[in-house]
Amino acid sequence: MTRSGSLAGTLSGDAPLRPDCFEPEFADDGTLDALPPAGCDEPHGSEFVGTYVEDEQLTLDEAFSRSDAVNDRCLGVVAAYANVPADADLQYRVGSFYFLPHETEWDEGDRRIRCYAWRPDPPLTRSVRAGGTPALPIQYG
């Protein structure tokens, strides 16, 4: 297919190609089985919040084995995206999950970790983007 024009801005703001909200489906063992899209104004469990570059010169295997450190950095991305404090209460507001690049991409220098906000219960009913504490209130217990 021949294409013309620029792709600049196609993944920012409300652009149609930007990944937004999803309703994750998990297998019995807890692994992510599918990530179908959902409307951000409908009940959903996750939202793409951005990426960060894993710049600690880790191998891909080390990134896999240090999942707590990667998840902590993704929670920071979530907090910045949602405009909530990245403090001790963040864990009571939202969780996260992430995707690492494929091994070939990693070996070619792509160290961008794709981060998602995750809150299945109660489900999200709007985008958390810049929503502050009203979008992600503290939920103890």
Side-chain angles (χ1 to χ4, degrees), residues 1 3-141:
M1 177 181 293
R3 299 183 191 269
S4 63
S6 172
L7 292 176
T10 58
L11 296 179
S12 62
D14 293 326
L17 294 180
R18 184 182 184 282
D20 280 317
C21 299
F22 302 90
E23 185 53 46
E25 297 173 2
F26 293 92
D28 290 338
D29 65 0
T31 58
L32 185 63
D33 196 32
L35 194 61
C40 288
D41 57 349
E42 301 170 3
H44 59 281
S46 68
E47 183 172 346
F48 176 75
V49 296
T51 64
Y52 81 87
V53 176
E54 183 56 64
D55 55 4
E56 295 183 19
Q57 301 303 317
L58 301 177
T59 66
L60 186 57
D61 289 338
E62 289 169 332
F64 272 112
S65 68
R66 295 183 56 198
S67 61
D68 287 345
V70 174
N71 190 58
D72 286 347
R73 289 191 68 186
C74 271
L75 279 172
V77 175
V78 171
Y81 180 85
N83 194 29
V84 297
D87 58 15
D89 285 332
L90 184 58
Q91 65 183 320
Y92 301 112
R93 295 181 189 281
V94 67
S96 72
F97 63 89
Y98 58 87
F99 293 107
L100 297 169
H102 185 274
E103 183 176 6
T104 302
E105 296 166 331
W106 188 273
D107 291 343
E108 291 175 353
D110 179 4
R111 303 287 200 281
R112 288 174 296 152
I113 310 298
R114 287 104 176 131
C115 302
Y116 294 76
W118 178 55
R119 193 183 78 192
D121 189 28
L124 301 166
T125 56
R126 57 162 281 194
S127 172
V128 299
R129 184 181 195 185
T133 57
L136 291 175
I138 293 173
Q139 314 246 354
Y140 294 114

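Since the structure is predicted, the reported quantities are computational estimates derived from the model, not experimental observations.
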Practice prompt. Return yes if some donor-acceptor pair links the side-chain N/O of R111 with the main-chain N/O of W106 below 3.5 Å, else return no.
Written response: yes
Worksheet item: If every non-hydrogen atom of S46 is compared with every non-hydrogen atom of H44, which pair is closest and at what distance?
Response: O-CD2, 3.2 Å
Practice prompt. Go through V70 and I113 one step at a time and tell me if the side-chain contact (heavy atoms from CB on, under 4.5 Å) criterion holds.
Written response: CA-CA 8 Å; V70 174; I113 310 298; 3.9 Å; yes
Less than 3.5 Å apart, which donor and acceptor atoms pair up between the side chains of residues 23-30 and the rest of the protein, not counting sequence neighbours?
{"residue": "E23", "atom": "OE1", "partner": "G45", "partner atom": "N", "Å": "3.0"}
{"residue": "D29", "atom": "OD1", "partner": "T31", "partner atom": "N", "Å": "3.0"}
{"residue": "D29", "atom": "OD1", "partner": "T31", "partner atom": "OG1", "Å": "2.7"}

Worksheet item: What residues, two or more places apart in sequence or in another chain, satisfy side chain to side chain contact (heavy atoms under 4.5 Å, CB included) together with Q91?
Response: none
Item to complete: Determine the minimum heavy-atom distance between F97 and L32, stating which atoms define it.
Response: CE1-CD2, 4.0 Å
Worksheet item: Out of curiosity, C74 SG to Y98 OH, how far, rounded to the nearest 0.5 Å?
Response: 7.5 Å
Worksheet, complete the sentence: To the nearest 0.5 Å, atom CG of D107 lies from atom OG1 of T59 at 10.0 Å
Worksheet item: salt bridge (charged side-chain N to carboxylate O under 4.0 Å, His left out) with R119: which residues, sequence neighbours excluded?
Response: none
Worksheet item: Does a donor on one side chain and an acceptor on the other come within less than 3.5 Å for E47 and S127?
Response: yes
Worksheet item: Can you check whether E42 reaches P123 side chain to side chain, under 4.5 Å on heavy atoms?
Response: no
Discussion item. Apply side-chain contact (heavy atoms from CB on, under 4.5 Å) to residues R114 and L100 and explain how you reach the verdict.
Written reply: CA-CA 7 Å; R114 287 104 176 131; L100 297 169; over 6 Å; no
Fill in: Shortest non-hydrogen contact from P101 toward L60
O-CD1, 4.0 Å
Worksheet entry | Validation row: L90, V84 side chains within 4.5 angstrom (heavy atoms) | yes
Discussion item. Looking at every heavy atom in both G131 and R126, which two are closest together, and how far apart are they?
Written reply: CA-NH2, 3.3 Å
Fill in: ring-ring contact (aromatic ring centres under 6.0 Å, His included) partner of F99, chosen from F64, Y116, F22
Y116
Worksheet item: Once you round to the nearest 0.5 Å, how far does SG of C40 lie from CZ of F48?
Response: 12.5 Å
Worksheet entry | Heavy-atom pair of closest approach, residues A130 and N83 | CA-CB, 4.1 Å
Worksheet entry | Residue pair R73, E54: steps toward the salt bridge (charged side-chain N to carboxylate O under 4.0 Å, His left out) verdict | CA-CA 9 Å; R73 289 191 68 186; E54 183 56 64; 3.5 Å; yes
Worksheet item: Quick one: OH on Y81 to CG on L136, what's the gap to the nearest 0.5 Å?
Response: 10.5 Å
Worksheet item: Any side-chain heavy atom of S96 within less than 4.5 Å of one from V49?
Response: no
Worksheet, complete the sentence: Scanning both residues in full, the closest heavy-atom pair of V94 with A117 reads CG2-CB, 4.0 Å
Discussion item. What's the separation between atom CZ in R112 and atom CG in D55, rounded to the nearest 0.5 Å?
Written reply: 14.0 Å
Fill in: Gap between atom CG of D89 and atom OH of Y140 - 0.5 Å precision
4.0 Å
